[in-house]
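Here is the structure we will look at.
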Amino acid sequence: MPAITLPDGTVRRYDGPVTGTAVAASIGPGLAKAALAMELDGRLLDLGTEITDDAALRFVTRRDEAALGMIRHDAAHVLAEAVQGLYPGTQVTIGPAIENGFYYDFARNEPFTPDDFPAIEARMREIVAANAPFQREEWPREEAIAFFEARGERYKAELIRDLPESETISIYRQGEWLDLCRGPHMRGTGDVGTAFKLMKVAGAYWRGDHRNPMLTRIYGTAWRDAKELDAHLHQLEEAERRDHRRIGREMDLFHVQEEATGQVFWHPKGWRLYSTVQEYMRRAQNRNGYQEVRTPLLVDRALWEASGHWENYREHMFVASVEDEQERRVLALKPMNCPCHVQIFRHGLRSYRELPLRMAEFGACHRYEPSGALHGIMRVRGFVQDDAHIFCTEAQIAPETARFVAMLAEVYRDLGFDGFRVKFADRPDNRAGDDASWDKSEAALVEACRLAGVEYELNPGEGAFYGPKLEFVLRDAIGRDWQCGTLQVDTVLPERLDASYVGEDSARHRPVMLHRAILGSFERFLGILIEQFAGRFPLWLAPVQVVVATIVSDAEPYALEVADALRRAGLAVQADTANEKINAKIRTHSLQRVPVILVVGRKEAEARTVAMRRLGGADQELLGVQEAVAALALEAAAPDLRRGTAA
RNA sequence: GCUGCUGUAGCUCAGUGGUAGAGCACUCCCUUGGUAAGGGAGAGGUCCAGGGUUCGAGUCCCUGCAGCAGCACCA
């Protein structure tokens, strides 16, 4: 006699076990038509599942957020059926729903290409139109293995073999086709709808392990209706329009070339942007009690052996060797700054009175990243970290964490980001240090988060090899997430490199090292910043802040005078006195995303005024020269400096 | 690193085994104009590199390099 509680609180009683389909039908024909699946005591289930006990029930309809995942998962099944129908001999493996869509991994000797998509999509639409019901069956394990092996589906057979004994082997049929699947599914293939599209084809390792064979993955996107699909496709276009590689080229910020793969040639405008951010960061660090240092790029391998990097990351380090009659020395370009900072800390006796000691460096690091990892200026082999190490006592971990999070929040806000999330990455499989010290450092970091009021989600097993870390994830203007900041608790490196200080008790103690960065690397962060603003930077960050454009050549001397006044006020200004019409000049500099154009013609030259036009705006403002210079100089000040002058 | 795709002028891209193309950008000339493209002329090429097939290769094949997408990696 199940009693079923609906979301509005009403309770319906049934004489015996009843399916979700029957419950929906007993409530009303509208719901019977709309219900795709159900949530029973919070568990998403097929409508066909029998309800035997008292439970809270909620029906999932197409409008429900939960429907999206089901549409995508079902679409993956439809894709698999379509592919096996069109390309016999292709083995199926797995096909989950993912953010924005789904994929399915196939094993086939021939690769798929996007040219195959129209045929596959057409077949998928036929399958959807046929609306075969999804039918769940439970099979004995051995039977299932034998079935898939007989069909040559060795990946499926392997999956079943590796399922825990306790797991029920469930099979979902859709018409003639079937697949091993945990479920749940909607009523039938028709519920997938038509708002899907195959997107790309790519290789992917079987079970995500690079030692396994590579499968062919087909990605698709799927939505509840055509409007959502269009919005998603539009968002992808927007992301492409903002691509930092494209904007970097269009605005002449930087380039990369074969002779220095994975390293950036910063052009004058790009370097101005870089410098503006670096100067801002330097001021932020100074305000927050950091001492800036500079350490060598090329360091003897002995130090990397001592730190453990040689053992763990040798193949990802750039190694240099020198030879003379006496000896051969092997050095490596530093892949990180920490061991060098420890050398400064170790130089001379340190007192507890000096702690916490915050040592910062804009540290140029080099890592031989795998070729496939390189991406524009976001993932490179030569980069500069806004790195710092805080040498402190265990008791200082919490207050230093709080202080760091406050600094990071201010920096992100100043640089134009609304908010960030925090992830807590705990001990990885491959790690240094014993479990007791991991217990201690993880507990310390948890406590620090509590004291600092930091809420986080867990990112299990993703810590650094020497300690747990907090990861700070930015969300950009079009909703993409970027991990930039980090704070890591390290008790291993001070031990390995023998860092110590003299305590109040006049005995030697090990400091804790907090590794921390806010931007991560300048290269990556500037790439993110470019995409965040789509190249339309606020005035203080813009690499060219003002263009003074003439209408007639008679205004040229005046235009140069105005540009000079702006330059002396510290603004990045260009004069455009070219033999072009003002329309063309406006267009050129607007495409270059220059925030302010000052137009000067005969009238302005005579009245000593400028006509100021903002990027994207249609109207203009007539100002006196001095007035314009003063206003722009004020507006172009970095946010921290503006707060300073306002205070 | 792995799978697939791509590499032609500064940029975006055409190019059928038979003399290397367009638009934009660039230079010069005309034009002196009022807020997103004025007109004309000119210059610009190791067709990624090396090897092979062929009477003949930008085009076909092989190797390498680089880029793109994804996977794996990311101290």
Side-chain angles (χ1 to χ4, degrees), chain A residues 103 105 110-115 199-219 243 245-246 249-250 252 255-262 304 307-317 334-339 365 367-376 378-381 383 385 387 428 430-432 462-467 469 483 486 488 490 492-493 515 520-521 524 549-556 579-592 597-604 611-620:
Chain A
Y103 65 78
D105 286 347
E110 297 287 301
F112 293 102
T113 78
D115 296 339
M199 302 299 286
K200 54 196 165 199
V201 51
Y205 296 109
W206 167 236
R207 296 190 147 179
D209 190 324
H210 69 273
R211 290 164 301 196
N212 287 340
M214 183 148 288
L215 308 170
T216 299
R217 175 172 297 180
I218 296 179
Y219 282 95
D243 191 303
R245 293 165 296 188
R246 173 176 173 164
R249 188 170 54 238
E250 288 172 357
D252 192 21
H255 84 271
V256 291
Q257 68 184 49
E258 274 195 47
E259 288 78 2
T261 307
W304 305 114
S307 69
H309 291 99
W310 192 266
E311 184 193 344
N312 282 295
Y313 294 105
R314 160 73 192 86
E315 67 281 16
H316 296 296
M317 288 165 71
K334 66 177 174 186
M336 55 187 338
N337 307 295
C338 355
C365 296
R367 296 178 185 173
Y368 190 70
E369 300 285 5
S371 56
L374 302 176
H375 179 83
M378 299 270 211
R379 186 85 185 268
V380 286
R381 288 178 176 159
F383 55 94
Q385 295 177 325
D387 201 6
N430 182 18
R431 59 178 180 263
E462 294 295 320
F465 76 88
Y466 46 71
K469 64 182 179 189
Q483 196 226 302
T486 183
Q488 306 166 10
D490 179 8
V492 173
L493 211 54
H515 306 243
S521 92
R524 177 178 154 82
T550 53
I551 295 172
V552 292
S553 52
D554 286 350
E556 182 171 332
N579 177 14
E580 283 296 342
K581 295 195 172 174
I582 191 62
N583 295 38
K585 293 185 184 183
I586 296 288
R587 178 179 150 84
T588 300
H589 302 300
S590 297
L591 288 173
Q592 280 293 307
I597 300 175
L598 299 182
V599 176
V600 296
R602 227 169 247 124
K603 284 184 289 188
E604 287 78 9
M612 181 157 76
R613 180 196 161 105
R614 299 281 179 167
L615 177 58
D619 42 347
Q620 47 184 321

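Hydrogens, waters and symmetry mates play no part in the numbers below; they use all other heavy atoms, side chains included. First the proteins, then the strands, lettered A, B, ... as listed; each starts at 1.
You'll find the side chain of A/Tyr368 stays beyond 4.5 Å of the side chain of A/Tyr313, heavy atoms only.
Considering only side-chain N and O atoms, A/Ser371 lies under 4.0 angstrom from the phosphate OP1 or OP2 of B/rG1. Residue A/Thr113 has no polar side-chain atom (N or O) positioned under 4.0 Å from OP1 or OP2 of B/rG4. Residue A/Arg602 places at least one side-chain N or O closer than 4.0 Å to OP1 or OP2 of B/rG33. Between A/Arg613 and the phosphate of B/rA36, there is a side-chain N or O to OP1/OP2 separation shorter than 4.0 Å. At least one side-chain nitrogen or oxygen of A/Arg245 sits closer than 4.0 Å to the OP1 or OP2 atom of B/rC68. Between B/rA37 and A/Asn583, a contact under 4.0 Å exists linking OP1 or OP2 to a side-chain N or O. Put simply, A/His375 has a side-chain N or O that comes within less than 4.0 Å of OP1 or OP2 on B/rA69. Within the 4.0 Å cut-off from OP1 or OP2 of B/rC73, not a single side-chain nitrogen or oxygen of A/Arg379 is found.
Put simply, the side chain of A/Tyr205 and the base of B/rG70 share no donor and acceptor less than 3.5 Å apart. The base of B/rU3 is not paired with the side chain of A/Thr216 by any donor and acceptor separated by under 3.5 Å.
The nucleotide B/rU53 finds no pairing partner, because no Watson-Crick or G-U wobble arrangement with both distances shorter than 3.5 Å includes it. B/rG58 is unpaired under the criterion used here, namely a Watson-Crick or G-U wobble arrangement in which both key atom distances are under 3.5 Å. B/rU19 is unpaired under the criterion used here, namely a Watson-Crick or G-U wobble arrangement in which both key atom distances are under 3.5 Å. When both pairing distances are held under 3.5 Å, B/rU3 makes a Watson-Crick or G-U pair with B/rA69. In this entry B/rA36 has no Watson-Crick or G-U wobble partner, no candidate having both defining distances under 3.5 Å. Pairing for B/rG42 goes to B/rC26, judged as Watson-Crick or G-U wobble with the two contacts each under 3.5 Å.
Ranking B/rU35, B/rC71, B/rG33 by closeness to the A/Lys581 side chain, first place goes to B/rG33. Considering only side-chain atoms of A/Glu258, the nucleotide from B/rA75, B/rA66, B/rG34 that sits closest is B/rA66. When each of B/rC65, B/rG1, B/rA75 is scored by its nearest atom to the side-chain atoms of A/Met336, the top-ranked nucleotide is B/rA75. Each of B/rG34, B/rA72, B/rA75 was ranked by its minimum atom distance to the side chain of A/Lys469; first place goes to B/rA75. Considering only side-chain atoms of A/Met214, the nucleotide from B/rU31, B/rC74, B/rC71 that sits closest is B/rC71. Nearest to the side chain of A/Lys200, among B/rA36, B/rC30, B/rA69, sits B/rA69. Taking every side-chain heavy atom of A/Ala373 into account, B/rA72 is the closest of B/rG34, B/rC30, B/rA72.
For the residue pair A/Thr486 and A/Gln488, a side-chain donor N or O sits within less than 3.5 Å of a side-chain acceptor on the partner. A/His255 and A/Gln257 share a side-chain donor-acceptor pair at under 3.5 Å. For the residue pair A/Arg217/A/Tyr219, the side-chain donor-acceptor check at 3.5 Å is satisfied.
Look at CG on A/Asp105: it is 16 Å from P on B/rU3, rounded to the nearest Å. Going from atom NE2 of A/His210 over to atom P of B/rC73 covers 8 Å, rounded to whole Å. Between the P atom of B/rG4 and the CD1 atom of A/Ile218 lies a distance of 15 Å, rounded to the nearest Å. Straight-line distance from the CG atom of A/Asp252 to the P atom of B/rC26: 13 Å, rounded to whole Å. Whole-Å rounding puts the A/Ile551 CD1 to B/rG34 C1' distance at 4 Å. Across the protein-nucleic acid pair, A/Asn579 atom CG and B/rG39 atom C1' stand 11 Å apart, rounded to whole Å. Following rounding to the nearest Å, A/His515 (NE2) and B/rA75 (P) show an atom-to-atom distance of 12 Å. Rounded to an integer number of Å, the gap from CD of A/Glu580 to P of B/rG34 is 14 Å.
The aromatic rings of A/His515 and A/Tyr466 lie parallel to each other, with less than 30° between the two planes, well short of the 60° mark.
Counting any heavy atom pair closer than 4.0 Å across all strands shown, A/Ala611 reaches a base atom. At the heavy-atom level, A/Thr261 lies under 4.0 Å from the strands shown only through sugar-phosphate atoms. In this structure, A/Gly376 reaches the sugar-phosphate backbone alone: every heavy-atom distance under 4.0 Å involves primed, P, OP1 or OP2 atoms, never a base. If you check every strand for non-hydrogen atoms under 4.0 Å, A/Pro111 touches sugar and phosphate atoms only. Note on A/Tyr219: only backbone sugar-phosphate atoms sit closer than 4.0 angstrom, heavy atoms only; bases stay farther off. Residue A/Lys603 is in base contact, counting any heavy-atom pair closer than 4.0 Å across all strands shown. Residue-level contact check: A/Gly208 touches the backbone only, with heavy atoms under 4.0 Å from sugar-phosphate atoms and none from bases. Residue contacts for A/Gln592: at a heavy-atom cut-off of 4.0 Å it reaches no nucleic acid atom on any strand shown. Residue A/Val599 is classed as a base contact, given a heavy-atom separation below 4.0 Å to a base.
Using a distance-only test at 3.5 Å, with no hydrogens or angles considered, no donor-acceptor pair links the side chain of A/Glu311 to the main chain of A/Gly308. In this structure, the side chain of A/Gln592 engages the main chain of A/Glu250 through a donor-acceptor pair within 3.5 Å. The backbone N or O of A/Arg524 sits less than 3.5 Å from a side-chain atom of A/Ser521, completing a donor-acceptor pair.
Distance check on atom P: B/rA72 versus B/rU3 gives 16 Å, rounded to whole Å. Rounded to the nearest Å, the gap between the C1' atom of B/rA20 and that of B/rC47 is 8 Å. Between B/rU59 and B/rG7, the distance separating the two C1' atoms is 14 Å to the nearest Å. Rounded to a whole angstrom, the distance from the C1' atom of B/rC11 to that of B/rG50 is 28 Å. B/rU12 and B/rU6: their C1' atoms are spaced 15 Å apart (whole Å). Comparing the P positions of B/rA69 and B/rA36 gives a spacing of 35 Å, expressed to the nearest Å. On the C1' atoms, B/rG23 is 27 Å away from B/rG18, given to the nearest whole Å. Distance noted for atom C1' between B/rC5 and B/rA9: 24 Å (whole Å).
One distance of note links CZ of A/Arg381 with SG of A/Cys365; it measures 15.5 Å at 0.5 Å rounding.
Along RNA chain B, the nucleotide closest to A/Ala584 and the one closest to A/Cys338 are compared, and the more 5′ of them pairs with A/Ala584. Mapping A/Gly262 and A/Leu591 onto RNA chain B via the closest heavy atom, the residue that lands nearer the 5' end is A/Leu591.
Between A/Val599 and A/Ile586, the shortest heavy-atom contact is CG2-CD1, 4.0 Å.
The stacking criteria are not both satisfied for A/Tyr466 over the base of B/rA75, which would need a centre-to-centre distance under 5.5 angstrom and an angle between ring planes under 30 degrees.
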